[in-house]
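Report on one structure; see the data block that follows.
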Amino acid sequence: MRVLILGGTGEARDLAAALHAQNVAVISSLAGRVARPRLPVGEVRIGGFGGPDKLAEWLRANEIAAVVDATHPFAERISASAAQAASAAHKPLLRLERPGWSERDGDRWTWADDLDHAARLIPQCARVLLTTGRQGLPAFARSEAFFLIRCVDPPDPPLPPHHELLLDRGPYTVAGEGSLIDAHRLDLVVTKDSGGALTHAKLDAARARGLPVIVVRRPPRPQTPAVATVAEAVAWARAHAG
Ligand code: NAP
């Protein structure tokens with residue numbers, strides 16, 4: 001019996017590595033969105049399951065003892081699918097979710113309810129560091145602001161008329177983020193509340209320069225038992241590994 005880790009995050013890779021090291025059989029699942037994903041150790045499968053019913057079938061057919069949903073806080077559909085499928089297939093499910101970011105002294109944050117709301121909050125004359133990911137870019141396509149769009153793979157149109165693309169992935173440093181802001185004369189940062197340390201540096205660099213930041217709130221989640229750390233998920237998975 002194996003533990004299925006729904007992945008695509010650093011925490012999912014850390015969990016796979018920790019369980020692998022403790023001889024717990026693991027299979028990690030990736031959506032296949034990124035051309036060259038960072039692969040976890042151990043067995044990996046790539047691609048969607050075909051919705052919750054197919055995922056439930058897959059759980060039954062693949063000797064899965066338990067499921068850890070360690071997907072990104074903004075990956076709404078797979079988490080909903082996992083909750084439905086785990087319940088239908090009678091498999092225990094745990095959500096591993098890193099805590100969101102919180103404002104510190106000196107921060108100038110505005111919270112947005114979603115990407116469309118964030119786009120409406122951007123002044124037309126702004127020069128924006130946009131780090132909300134490739135898939136949500138159409139929300140910004142009608143803005144007249146300038147966007148430095150940073151994402152892992154090249155995005156599809158529609159894109160905002162005034163933009164430059166920067167293909168890159170974290171982790172980032174505060175010094176590097178500061179240089180980027182200065183070199184492009186950026187005056188606003190737009191980010192999702194992804195949480196975690198790998199992409200936090202832009203917030204520190206913005207604070208140091210007194211720049212405003214628009215932070216997109218996390219979407220609502222299914223009512224799944226959840227932990228915030230890999231260590232807690234390791235303990236849970238060991239107990240449920242069968
Ligand atoms: P999503 O909207 O929740 O998922 C869309 C569909 O992609 C799901 O219905 C599922 O297809 C498939 N899918 C998603 N994650 C999967 C996984 N780990 N294994 C197998 N199939 C998966 O997800 P998304 O926002 O496109 O994110 C895709 C992946 O990128 C996630 O695994 C997430 O952890 C990672 N990621 C997302 C973000 C973000 O900002 N959204 C950022 C960094 C990393 P079926 O219905 O066919 O099963």
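In each ligand, atom 1 is the first atom listed, and ligand 1 is the first ligand listed.
For His72, a nitrogen or oxygen atom sits less than 3.5 Å from a nitrogen or oxygen atom of ligand 1, counting backbone and side chain alike. Checked against a 3.5 angstrom limit, the closest N/O atoms of Arg77 and ligand 1 fall inside it.
Within a 6.0 Å radius of CD in Gln223, other residues, nucleotides and ligands contribute 12 heavy atoms or fewer.
Within ligand 1, the atoms closer than 4.0 Å to a non-hydrogen atom of Arg45 are 20 (C), numbered from 1 in the order shown. Residue-ligand proximity, Gly48 to ligand 1, at heavy-atom distances under 4.0 Å covers atoms 11 (O), 21 (N), 45 (P), 47 (O), 48 (O). Distances below 4.0 Å separate heavy atoms of Thr71 from the following atoms of ligand 1: 18 (N), 32 (O), 34 (O).
Atom 27 (O) of ligand 1 has as its closest protein heavy atom Ala75 CB, 3.9 Å. The shortest contact between atom 46 (O) of ligand 1 and any protein heavy atom is with Gly51 N, 3.2 Å. Annotation: atom 10 (C) of ligand 1 to nearest protein heavy atom, Ile78 CD1, 3.9 Å. The protein non-hydrogen atom at the shortest distance from atom 48 (O) of ligand 1 is Phe49 N, 2.7 Å. Of the protein's non-hydrogen atoms, Ser29 OG, 2.7 Å is the one closest to atom 19 (N) of ligand 1. The shortest contact between atom 40 (O) of ligand 1 and any protein heavy atom is with Lys192 NZ, 2.7 Å. Nearest protein heavy-atom neighbour of atom 35 (C) of ligand 1: Gly8 O, 3.8 Å.
Within the 4.0 Å heavy-atom cutoff, Ala70 does not count among the residues contacting ligand 1. In this structure, Gly50 is part of the shell of residues with a heavy atom less than 4.0 angstrom from ligand 1. Within the 4.0 Å heavy-atom cutoff, Leu55 does not count among the residues contacting ligand 1.
A side-chain donor-acceptor contact under 3.5 Å links Arg45 and Ser29.
Proximity of a side-chain donor or acceptor of Asp107 to a complementary backbone N or O of Trp109 within less than 3.5 Å is not detected. In this structure a side-chain-to-backbone donor-acceptor pair under 3.5 Å is present from Arg127 to His184. Between the Arg134 side chain and the Arg33 main chain, a donor and an acceptor come within less than 3.5 Å of each other. His117 places no side-chain N or O within donor-acceptor distance of the main-chain N or O of Asp114, the cut-off being under 3.5 Å.
Evaluation of the side-chain contact (heavy atoms from CB on, under 4.5 Å) rule for Thr224 yields Ala83, Leu93, Arg95, Pro222 as partners, not counting sequence neighbours.
Ring geometry for His200 against Trp101 counts as perpendicular: the plane angle is over 60°, on a 0 to 90° scale with 30° as the lower cut.
At a 4.0 Å heavy-atom cut-off, ligand 1 does not touch Lys54 at all. Heavy atoms of Glu11 found under 4.0 angstrom from ligand 1: none, in either backbone or side chain. Counting heavy atoms closer than 4.0 Å to ligand 1, residue Val34 contributes nothing at all.
Summarising the contacts of atom 13 (N) of ligand 1 with Ala12, Ala31, Gly7, the nearest heavy atom is found in Ala31. Counting only non-hydrogen atoms, the option in Glu76, Arg33, Gln135 that gets closest to atom 6 (C) of ligand 1 is Arg33.
A salt bridge does not link Arg221 with Glu76: none of the charged nitrogens is closer than 4.0 Å to a carboxylate oxygen. For the pair Arg2 and Glu43, the salt-bridge criterion is met [side-chain N within less than 4.0 Å of a carboxylate O]. Salt bridge status for Arg209 with Asp182: present, with a side-chain N to carboxylate O gap under 4.0 Å.
Within the cation-pi definition used here (under 6.0 Å to the ring centroid, within 45° of the axis), Arg150 qualifies as a partner of Tyr172.
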